[in-house]
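Report on the following structure.
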Number of protein chains: 2
Amino acid sequence: MSRPPRARESVLDAFARILSDDGERAATMDATAREAGVSKGGLLYHFGSKEALEAGLMERMEALAIDDIEEIKRAPEGPVAAFMRTSIHTGSVLDQAIVAVSRLAQNGSAPAVEALRRVRVLWEEALRPLAKDETALQLILLVSDGLYFNNALTVGSVPGPQLDADDIAALIRLVEASTTPDAAAR
Amino acid sequence: MSRPPRARESVLDAFARILSDDGERAATMDATAREAGVSKGGLLYHFGSKEALEAGLMERMEALAIDDIEEIKRAPEGPVAAFMRTSIHTGSVLDQAIVAVSRLAQNGSAPAVEALRRVRVLWEEALRPLAKDETALQLILLVSDGLYFNNALTVGSVPGPQLDADDIAALIRLVEASTTPDAAAR
DNA sequence: GTCTATATACAGATAGAC
DNA sequence: GTCTATCTGTATATAGAC
């Protein structure tokens, strides 16, 4: 838990940004080094291979997800609403990390698929006590996945389908009404 | 509308299969030619560039989607249930084409993003008359997107989270109850 | 229409100077 | 710790034979 070197963090920032904004093909070690302001040799001092760089990103994503789940549990609007609200593109570091890792997963990285699945299980466990049954729980998670999928399609300068704040609020009310046992009693 | 050459179709089959099963990085022109049983030169006779190959795949996806929507409209179980059921991984050619194009979209292909958006609009238009309001319509589409996202994460031999037939049936009932005006009257 | 051979560019990774 | 220079493999694309 010692503070990590600044250059190492800059490299991870750059790698996540390029993966999420421009896609996996663009996220070369060369482009990552340039964006981070270091040379390719400098990058390779901190991450000895592309695989190691990807592993570093996944580790960061899981740490951010664990923090996020603790925040969501204490959210005044309730965990379900907070979870859904943070599933739209907020531009948060966690958001970016999840989209970045999902790009790796979709290009054949088994460790990335496993890391995403672990995070999904953490969310399931946090939200299960609030859902009226397993089907309701899956509905909440699938809507969140759908929001992420739409975020993830937005590459380069072409925006995907967008929902505004009112749309999201209405969607959260509908999902809560369908999935939580005491929705009518609120 | 003349019948397309067999070799051309084989190439598109192979390209879609590799994109969907192994990811964008694996879907090289070399691997596609090998899988289709033609040489690289042979492939390049039908598709003069990678861009042309991608465009060919998108055209096929949109044609399949248009057919699929007509089928869904006439489904005995109702369009919403039929739409959701075909959103899980059925291994259909349309399924494979959509996952394949979404891999291109997530690697920076603007035409792929636009093609997927056009298909999404077709689904919206087909399902809108059945949803009680716009929020309900978006819920249906987002759950479908979520199912696709989970399919899409399944690369190589690592399976993503899976729902069995009973889970899907329960999910369809819950979504229909939340989104269609006459659900109680059934 | 389909093939082989080849040109050009760029990826990941190594060696070794500073 | 960070750099430059370089090796090796592989991607897209072209040229031209059959």
Side-chain angles (χ1 to χ4, degrees), chain A residues 2-19 21-58 100-101 103-112 155-156, chain B residues 2-58 100-101 103-104 106-112 155-156:
Chain A
S2 55
R3 75 241 124 84
R6 248 185 313 285
R8 204 190 127 100
E9 291 304 298
S10 306
V11 167
L12 283 181
D13 289 346
F15 188 49
R17 212 239 69 209
I18 298 172
L19 273 173
D21 287 2
D22 307 323
E24 202 267 352
R25 267 242 160 121
T28 63
M29 308 199 76
D30 227 324
T32 302
R34 206 179 321 121
E35 171 100 4
V38 299
S39 69
K40 199 147 60 155
L43 188 161
L44 280 157
Y45 170 79
H46 294 288
F47 301 98
S49 68
K50 187 111 201 252
E51 205 183 326
L53 178 58
E54 296 178 356
L57 178 63
M58 291 172 214
V101 173
R103 304 261 196 246
L104 299 178
Q106 296 197 45
N107 274 281
S109 164
V155 278
Chain B
S2 54
R3 76 242 127 81
R6 248 184 315 285
R8 202 190 129 100
E9 291 306 296
S10 307
V11 167
L12 283 181
D13 288 347
F15 188 49
R17 212 239 68 211
I18 299 173
L19 272 173
S20 137
D21 287 2
D22 307 322
E24 200 268 352
R25 264 234 161 130
T28 64
M29 307 200 75
D30 225 326
T32 302
R34 205 179 319 121
E35 171 101 4
V38 298
S39 69
K40 204 159 34 168
L43 188 160
L44 280 157
Y45 170 77
H46 294 289
F47 301 98
S49 68
K50 188 111 201 254
E51 205 183 326
L53 179 57
E54 296 178 356
L57 177 64
M58 291 171 215
V101 174
R103 304 261 196 248
L104 299 178
Q106 295 196 47
N107 273 281
S109 164
V155 277

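Considering only side-chain N and O atoms, B/Y45 lies under 4.0 angstrom from the phosphate OP1 or OP2 of C/dG1.
When each of A/D13, A/V11, A/L12 is tested with A/T32 by the rule side-chain contact (heavy atoms from CB on, under 4.5 Å), just one qualifies, namely A/V11.
Across all strands shown, B/L43 has no heavy atoms under 4.0 Å from either base or sugar-phosphate atoms.
A heavy atom lying under 4.0 Å from DNA chain D marks the following residues of residues 26-42 of chain B, by number: B/T28, B/M29, B/K40.
Looking at A/D22 and A/R17, their side chains come closer than 4.5 Å, going by heavy atoms from C-beta outward. In this structure, the side chains of A/P111 and A/M58 come closer than 4.5 Å at one or more pairs of heavy atoms. Looking only at side-chain heavy atoms (C-beta outward), A/F15 and A/E35 stay at 4.5 Å or farther from each other. In this structure, the side chains of B/K50 and B/M29 come closer than 4.5 Å at one or more pairs of heavy atoms.
One can place CD1 of A/I18 at 14 Å from C1' of C/dA11, the figure rounded to the nearest angstrom. When rounded to the nearest whole Å, the span between CZ of B/R8 and C1' of C/dT2 equals 16 Å. Note: NZ (A/K50) to C1' (C/dC10) measures 13 Å, nearest angstrom. When the P atom of C/dA5 is taken as reference, atom CG of B/L44 falls 16 Å away, rounded to whole Å. The distance between atom CZ of B/R6 and atom C1' of C/dT2, rounded to the nearest whole Å, is 14 Å. One interatomic measurement links the two molecules: CG of B/L53 to C1' of D/dT12, which rounds to 12 Å at whole-angstrom precision.
Minimum atom distance to the side chain of B/R25 is reached by C/dG12, of the listed D/dT12, C/dA13, C/dG12. Listed nucleotides: C/dG12, D/dA13, D/dT2. Nearest to the side chain of A/H46: D/dT2.
Checked by atom type and distance alone, the side chain of A/N107 never pairs as donor or acceptor with a backbone atom of B/G23 at under 3.5 Å.
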